[in-house]
2 protein chains.
Amino acid sequence: MATMTFPETETKESKKSTTKYVYFFGGGKADGNGKMKDVLGGKGAGLAEMTNAGLPVPPGFTIQTEACREYMRGGLSPDIDKQMDEALAKLEALQGQKLGTGENPLLVSVRSGAKFSMPGMMDTILNLGLNDQSVQALAKRSNNPRFAADSYRRLIQMFGNVVLDIEKLAFEEVFDAKKKQKKAKLDTDLDAKALQEVIAEYKKVVKKHAKRDFPQDPREQLVLARDAVFRSWQNDRAKHYRRMNNIDDMLGTAVNVQAMVFGNLGDTSGSGVGFTRNPAIGTKEFYGEFLMNAQGEDVVSGVRTPVPILKLHEILPEAYNQLREITTRLEQHYKDVQDFEFTVQDGKLYMLQTRNGKRTGLAAVRIAIQMVDEGLITKEEAIFRVEPNQLYDFLVPRLDEKGTKVEVLATGLPASPGAAVGQIVFTADAAVEAVHKNAKASVILVRAETTPEDIHGMEVAKGILTSRGGMTSHAAVVTRGMGKCCVAGAGDVDVNEKAREMRIKGQIFKEFDWISLDGTTGRVIKGKLNTIPANADDPELQKFMGWADPFRKMKVRANADIPRDAIQARAFGAEGIGLCRTEHMFFGEEKIGHMRTMILADNEKDRRAALKKLLPLQRADFAGVFKAMDGLPVTIRTLDPPLHEFLPRREDLMVDIALLSRYSAKQKKELVTKYKDYGIKGVGDLKKALPVLLGRVEQLHEFNPMLGHRGCRLGITYPEITEMQARAIFEAAVDCTKKGIKVHPEVMIPLVATLKEMANQGAIVRRVAEEVFKEKGMKIDYMVGTMIELPRAALVADEIAKEAEFFSFGTNDLTQTTFGFSRDDVNKVLPTYLAEGILKQDPFAALDQEGVGQLVKMATERGRKTRSNLKVGICGEHGGEPSSVEFCYRTGLNYVSCSPFRVLTARLAAAQAAAAEALKVEGGRTK
Amino acid sequence: MATMTFPETETKESKKSTTKYVYFFGGGKADGNGKMKDVLGGKGAGLAEMTNAGLPVPPGFTIQTEACREYMRGGLSPDIDKQMDEALAKLEALQGQKLGTGENPLLVSVRSGAKFSMPGMMDTILNLGLNDQSVQALAKRSNNPRFAADSYRRLIQMFGNVVLDIEKLAFEEVFDAKKKQKKAKLDTDLDAKALQEVIAEYKKVVKKHAKRDFPQDPREQLVLARDAVFRSWQNDRAKHYRRMNNIDDMLGTAVNVQAMVFGNLGDTSGSGVGFTRNPAIGTKEFYGEFLMNAQGEDVVSGVRTPVPILKLHEILPEAYNQLREITTRLEQHYKDVQDFEFTVQDGKLYMLQTRNGKRTGLAAVRIAIQMVDEGLITKEEAIFRVEPNQLYDFLVPRLDEKGTKVEVLATGLPASPGAAVGQIVFTADAAVEAVHKNAKASVILVRAETTPEDIHGMEVAKGILTSRGGMTSHAAVVTRGMGKCCVAGAGDVDVNEKAREMRIKGQIFKEFDWISLDGTTGRVIKGKLNTIPANADDPELQKFMGWADPFRKMKVRANADIPRDAIQARAFGAEGIGLCRTEHMFFGEEKIGHMRTMILADNEKDRRAALKKLLPLQRADFAGVFKAMDGLPVTIRTLDPPLHEFLPRREDLMVDIALLSRYSAKQKKELVTKYKDYGIKGVGDLKKALPVLLGRVEQLHEFNPMLGHRGCRLGITYPEITEMQARAIFEAAVDCTKKGIKVHPEVMIPLVATLKEMANQGAIVRRVAEEVFKEKGMKIDYMVGTMIELPRAALVADEIAKEAEFFSFGTNDLTQTTFGFSRDDVNKVLPTYLAEGILKQDPFAALDQEGVGQLVKMATERGRKTRSNLKVGICGEHGGEPSSVEFCYRTGLNYVSCSPFRVLTARLAAAQAAAAEALKVEGGRTK
């Protein structure tokens with residue numbers, strides 16, 4: 001084996017009159033190199049790099065990505081065919097073979113290879129060059145007519161499917177019929193003769209479906225296969241994958257044409273795949289599997305069970321040792337875990353691919369630490385070796401899919417990561433009842449959509465599945481806050497609450513059937529899988545964060561409404577509460593009754609009476625949060641949601657009123673319970689009280705509640721609500737301070753659009769603060785600020801900053817209003833938008849820097865122009881999303897705030913942003 | 001009478017160490033002058049001006065507005081009392097009297113007077129200075145004890161009410177009891193003795209309610225009265241008036257203290273009010289009325305019927321002639337119609353007030369023309385003598401209130417101007433039925449709110465009354481488009497559709513009861529008033545517009561969806577269609593069925609089949625509009641509203657399904673009719689079809705439809721809709737062109753937020769255009785552009801302009817999203833916001849220049865940076881609102897577009913804006 005060297009050649013092609021479309025590799029030398037991923041794709045660049053390093057790579061050539069882009073634009077330059085023919089001639093000369101011709105015909109593989117790995121998404125054709133003649137030559141040369149026939153039959157099948165667009169099923173029917181006829185159990189039970197019969201029938205299939213013959217001309221095969229690979233860039237699953245992984249649709253794929261090597265030539269041949277370290281759990285072990293007498297596709301297809309790669313040492317020790325040596329060097333060279341493919345043909349090893357290996361978060365952290373310990377990378381480099389989102393793995397359980405047949409029923413949005421395995425129930429009450437009967441019961445709450453009234457059920461459920469709603473739907477936001485697994489908006493799930501069942505693509509699931517949810521991928525899986533528990537205290541995680549955190553300049557806070565969540569957030573490293581939503585406090589069993597009384601009051605006096613009962617309850621809530629965050633700032637938002645969220649649904653009431661006279665006595669009693677909070681004490685009250693209640697609900701009804709009577713508009717129309725809340729905050733703050741707790745309250749006014757709104761509410765808060773301080777004989781420091789969540793607020797931020805001591809961007813609402821997208825309804829549009837490339841990302845998941853970001857920047861600058869020390873943060877869902885955190889850092893925000901389970905992610909993202917700047921790392925985060 | 005001169009003195013007070021709070025007038029000389037309205041208020045400035053001109057004005061002094069502002073800020077400077085006492089002393093010296101003391105006591109009036117006239121909104125106290133002593137002196141001196149006692153009793157009543165905040169009722173009860181006791185029919189039937197008894201009891205009322213005695217010290221009376229006038233600036237009706245008239249809350253009022261003159265001293269005394277020209281119809285006639293032996297308040301109170309002012313010539317010819325001379329000169333001086341008040345005391349004329357007279361639009365135009373003819377003003381000045389909004393008067397009928405007792409039942413929003421008198425009905429069907437039975441029937445459709453399904457009823461009704469919804473609610477927008485009177489959001493009107501009645505403050509009105517609506521003021525009036533018809537062809541209006549229009553640089557277009565409206569708009573001078581809403585076309589009887597079929601289709605094929613049936617209908621609609629606008633541009637917007645607007649209401653369906661099994665055969669038949677468009681052919685279909693329909697409606701249901709699946713999002717998810725519409729447009733355009741009609745279509749894509757949306761829809765439109773041109777063998781010029789109605793669109797306007805050839809601001813939606821205000825729900829918040837001064841104006845009525853305006857400016861600039869010849873207009877409701885039109889002119893827009901009935905207003909506003917710039921007129925429009 002030649003000494004392995006990785007020459008650094010020029011990566012940019014020099015400007016010539018003719019574009020270089022085709023890059024040759026082979027004979028120890030390649031036109032390209034490993035850095036040319038843009039041009040050659042990941043696979044092509046790897047093949048070139050390995051060839052240049054003298055590794056045993058089957059020779060071939062790469063048609064670069066620009067050709068694919070030309071193809072997409074509607075026409076290929078004639079230079080491409082010309083250069084391809086030249087490269088083919090060179091390959092034939094090197095191999096001493098002719099493509100599909102002669103006694104020793106050259107056969108090639110044609111594979112796609114984009115800049116970013118898209119495993120399995122695009123198409124591959126093997127054994128190209130075979131035809132009615134060359135198949136005989138191959139049989140003769142390999143002395144294995146069955147192998148030759150099987151190779152030809154595979155080519156026709158792959159070519160027919162990929163190039164000629166014939167359904168796989170059409171070929172499979174023929175093949176299965178032949179097996180049945182020959183009473184064959186396994187594919188390998190068919191002999192050469194049978195396979196020749198299959199080939200004859202396959203040709204008929206081609207003729208019938210494609211209205212043409214299978215092409216016998218090898219060059220025609222090559223051209224058609226190349227173009228099919230270009231087309232495969234645009235297939236639905238490739239588009240879907242790019243969307244999921246945020247890959248630019250315009251990149252295109254390269255095409256790699258490479259001399260075939262055969263792992264299926266007999267007992268000294270085989271194929272395998274592997275990793276230089278364990279990509280699942282990060283242990284340092286040679287990891288992978290192989291199959292003797294098999295082609296690469298057989299290893300991954302699951303028809304035969306592969307054996308662990310270490311076994312190769314016993315079977316083919318020379319090839320094994322060479323493989324170990326090569327892959328170890330590759331890892332040293334790339335300074336990262338390598339994911340490789342190889343084939344052994346007649347005892348000779350060929351490397352088919354190498355690339356940086358994908359890995360879990362657990363593995364990413366462990367491998368980064370190992371590599372620092374090994375001196376392979378620096379601590380600073382290690383920081384970028386973990387995707388911030390991958391840290392979820394430490395916080396949530398995972399599904400254990402090992403050795404299990406996983407039947408994916410549906411895929412929804414990965415709304416809240418982790419895993420949940422449980423029995424399905426269809427109402428919050430049913431969830432509570434199940435857990436009440438058996439404290440160890442695992443239930444999964446399945447709803448069309450969740451509402452605040454489902455909270456008690458969501459709290460006891462292991463996971464939540466909804467058929468409607470997006471990444472920031474109620475279910476998604478609440479479960480992320482709870483660190484509980486949620487799959488949202490799984491449109492294939494048809495929930496029938498009344499019948500207590502759900503249908504998924506024809507299958508019916510009844511109450512208490514088992515399902516498993518993967519909140520990290522959005523999969524809904526049939527049956528009961530095992531889970532692997534979370535581990536946030538992992539010492540290696542702590543070590544890793546100990547390297548990253550010192551770079552960080554931006555604080556990370558958490559959105560938390562109750563003491564339990566605050567404690568949790570602090571454990572994950574939150575440096576304060578950036579958003580404490582007081583309305584979530586109102587949904588408790590005891591409180592919601594008073595809240596409802598307050599809402600139904602039609603005069604200030606009754607409202608005040610109800611508020612008086614809420615005061616001590618709110619005060620206790622706040623005291624709990626202050627205690628949990630001792631020494632750290634706590635931002636408390638005054639009441640925000642439209643009041644009708646606290647009331648029964650209008651349509652339910654209408655139906656109940658319509659049916660009242662027909663209801664049985666039992667049904668009427670149930671109604672009394674359902675509406676007990678609304679002054680209905682007995683069955684006799686229903687007839688009169690329900691229409692009155694409906695009247696009030698109608699009054700509060702809004703066409704577009706998101707743009708309605710909410711936020712500071714509530715506090716302005718009902719100042720007594722703000723008064724009560726301010727009193728609860730400051731009474732709790734003073735009480736806590738007297739107990740030695742360090743309290744830093746920041747009172748935040750929501751949905752401000754004008755200076756006067758801010759001034760109005762700020763004046764109430766400050767007046768009540770002074771009153772409380774006087775009553776209690778103690779003053780504490782506090783701030784009053786606002787959320788910037790409406791475009792107008794950003795536009796007049798200079799004005800608003802006159803009264804606001806801090807800004808916190810509510811980027812959920814700011815995105816809604818800037819885009820005119822309701823986050824609860826966006827799923828009607830978003831799938832099309834992402835599929836069509838109109839949006840690259842869900843703007844509720846990753847901040848729209850081009851549009852919404854302008855307003856964030858504008859408000860920050862204008863606000864600080866008025867008040868240079870203005871504290872600015874973000875508390876929308878974006879506060880825990882890495883690219884958004886990076887944007888916040890660049891924009892000069894003081895902190896980001898996110899749900900507790902995103903705190904670690906935000907810390908790492910913020911650290912990476914600062915470290916990238918300090919270390920001048922290009923591009924910041926790793927890809 | 002002295003020669004009348006109007007000296008020009010310095011209007012700005014010079015900076016002295018002490019602020020000048022009190023301005024004296026009297027003895028032919030005043031400290032202030034007529035230009036000092038900011039300081040002295042309108043009344044004070046007028047009194048100073050008249051005094052300086054030597055007119056017979058009772059002397060006195062004005063306490064300036066700064067004092068009021070100090071009072072509002074919480075404290076008066078001691079300088080004010082000091083300066084007031086000095087002025088009082090000067091007044092006493094001039095008159096040879098002492099305030100409320102001695103044989104000839106000085107009595108004064110204390111009146112408010114703000115910069116802008118706010119008639120009747122603030123408080124006045126007359127006869128101040130009277131007490132138990134001075135009332136006797138007055139009796140003696142006037143030789144009229146009854147007069148003296150009556151004056152004193154009025155003072156106590158006014159003072160008690162205004163200063164001491166005692167309800168008027170408390171005094172009226174006493175007075176009425178006394179009349180009953182004395183068997184008096186009229187107030188004047190009570191003699192001096194009876195009035196003295198009333199005085200004694202009034203004092204007890206004061207003691208009881210105010211816990212203090214009526215102050216006997218005249219100076220104390222004066223100080224308290226002054227402060228009460230300051231306070232009255234903040235009373236609810238004053239605040240309301242300012243809100244309605246867009247007057248700054250911070251201006252404050254001045255206080256005028258003036259020696260009393262008495263019109264009620266006997267048969268040679270009297271009081272009157274008048275105008276130098278008829279303010280109702282603009283004829284040049286001395287116009288007004290007076291009452292002998294009466295004070296000013298009696299003239300306006302309506303207790304006694306005043307006589308026409310010309311009669312004064314017979315009764316007191318000398319005073320009459322003097323009055324004519326003075327007022328004629330005042331008009332010459334101010335070069336405008338004067339609205340004056342006068343008193344004759346013992347045959348001597350006193351002028352109490354003069355000011356520019358308010359007038360109707362009709363009068364404003366006629367008077368402006370007269371004054372130009374008379375050489376009093378130039379044509380250029382005349383342009384500013386008419387408020388653009390006043391031109392409505394020419395386009396709509398008015399209520400004729402002359403000689404009628406007007407009982408205002410409720411006041412709503414003046415949603416669409418004009419008058420309507422008719423019998424009330426509560427459903428669109430009932431309206432149609434009534435008109436069907438009797439083509440001459442006048443009906444007024446009363447609804448809680450209207451929806452597109454009410455259109456057929458709205459079309460036949462004379463006017464619309466709704467209890468919910470704002471200035472841009474469905475009812476408001478549609479009626480303005482129709483030029484039909486509408487009062488919207490009249491919260492006191494409680495509509496019970498089922499019972500076919502409405503309740504207003506306890507009164508019940510049944511179907512076919514008569515009411516009258518004043519859409520110009522928002523009044524709902526009981527009974528059947530007469531109306532005065534509209535007159536848009538008025539030659540004087542044409543003459544006036546002929547002066548204004550040549551100044552105009554900005555085009556004025558109309559929003560019109562159907563040929564009838566387009567023809568109407570053109571008649572009013574529209575220079576194109578700025579917004580043709582294609583969805584309004586779909587609500588026709590024949591079309592909505594196909595539309596519904598299309599929406600309910602769950603696949604593209606069925607959708608296309610339904611669209612095919614819509615195509616010829618749309619094409620015919622477009623052809624009609626093109627024909628009407630021959631030679632002028634027509635902007636057609638592709639489908640915009642959420643699809644569920646075309647479907648039945650979700651809650652109706654739920655109730656119908658719940659009750660289905662209980663419904664009678666007749667009710668079921670009605671259901672079949674109700675749901676006939678949804679494939680329900682007979683009663684047997686209901687059970688199965690209704691839940692299916694509900695399922696589809698549920699699928700389309702949105703939490704916030706305004707932010708949902710609408711606008712270009714429809715065209716992107718269902719490109720076949722855009723295709724059909726584009727085809728209908730271009731087929732109609734080519735067909736018309738072939739007939740010799742000049743067609744300039746501008747296809748407008750709604751709700752664009754990103755360049756890619758614009759590019760997607762633009763590509764479809766352009767492709768279909770080419771297809772049609774090819775098929776028809778003829779090309780025509782057209783443009784494709786977009787509405788800018790989302791903040792994001794404004795932020796990335798430079799991008800969007802790459803694909804859009806024009807922008808049209810949809811400021812309704814832009815206001816909704818920038819403010820986060822749903823226009824259908826804003827009425828829950830807006831009244832409080834306006835009352836509290838948080839907003840100065842309804843941002844849906846007048847463009848929010850501070851916030852939304854920034855986006856308009858930004859988008860215009862950024863768009864033109866990319867495309868320097870970008871055509872920019874506005875088609876939101878603001879396009880017909882004068883201050884918004886002015887803003888558009890300043891921002892450099894090419895045109896405004898508004899509903900046909902606002903075209904005249906927009907033309908004048910645009911002309912005034914340009915003329916103000918050309919002529920360097922300060923402030924632009926007249927106030």
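Just the heavy atoms: all of them, side chains too, but no hydrogens, waters or symmetry mates, feed the values below. By convention in this document, chain letters (A, B, ...) are assigned in the order of the sequence lines, proteins followed by strands, and residues within each chain are numbered from 1.
- Of the possible polar contacts, none joining the B:K756 side chain to the A:Y833 backbone as a donor-acceptor pair under 3.5 Å is found.
- At most 12 heavy atoms of other shown residues, nucleotides or ligands fall within 6.0 angstrom of atom CZ in A:R503.
- Applying the side-chain hydrogen bond (donor to acceptor under 3.5 Å, both in side chains) rule to B:E789 yields no partners; only residues at least two apart in sequence or on another chain are considered.
- For A:T832, the part lying near chain B is the side chain, with the backbone staying farther off; criterion is any non-hydrogen pair under 4.5 Å.
- Put simply, the side chain of A:L707 does not reach to within 4.5 Å of the side chain of B:F819, judged on heavy atoms.
- The side-chain heavy atoms of B:E702 and A:K828, taken from C-beta on, include a pair separated by under 4.5 Å.
- Looking at A:L700, the atoms closer than 4.5 Å to chain B (heavy atoms on both sides) all sit in the backbone: N, CA, C or O.
- In terms of modelled atom types and a separation under 3.5 Å, the side chain of A:Q854 and the main chain of B:L795 share a donor-acceptor contact.
- Of the residues considered (B:R468, B:E836, B:R662, B:R710), B:R662 shows the highest number of contacts with chain A, using heavy-atom pairs under 4.5 Å.
- Only the side chain of A:D848 comes within less than 4.5 Å of a heavy atom of chain B; its backbone N, CA, C and O stay farther away.
- In this structure, chain B has heavy atoms under 4.5 Å from both the backbone and the side chain of A:V655.
- Residues that satisfy the side-chain hydrogen bond (donor to acceptor under 3.5 Å, both in side chains) test with B:E651, not counting sequence neighbours, are A:R650.
- To the nearest 0.5 Å, atom CG of residue B:L751 and atom CZ of residue A:F821 are 8.5 Å apart.
- Checking side-chain atoms of B:N704 against main-chain N and O of A:S822 turns up no donor-acceptor pair under 3.5 Å.
- Both the backbone and the side chain of A:T818 come within less than 4.5 Å of a heavy atom in chain B.
- Within residues 712-720 of chain B, the residues having any heavy atom under 4.5 Å from a heavy atom of chain A are, by residue number, B:C712, B:R713, B:I716, B:T717.
- Residues B:R792 and A:E850 are in side-chain contact: their nearest non-hydrogen atoms beyond the backbone lie under 4.5 Å apart.
- The number of heavy-atom neighbours closer than 6.0 Å to NZ of B:K668, taken from other residues, nucleotides and ligands shown, is above 12.
- Heavy-atom pairs under 4.5 Å with chain A peak, among B:G837, B:A793, B:G708, B:A448, at B:G837.
- In this structure, the side chain of A:D824 does not engage the main chain of B:F703 through any donor-acceptor pair within 3.5 Å.
- The side-chain hydrogen bond (donor to acceptor under 3.5 Å, both in side chains) check on A:T466 picks up nothing, with sequence neighbours excluded.
- Taking chain B as the reference chain and counting heavy-atom pairs below 4.5 Å, the highest number among A:G711, A:P791, A:A759, A:A753 is found for A:P791.
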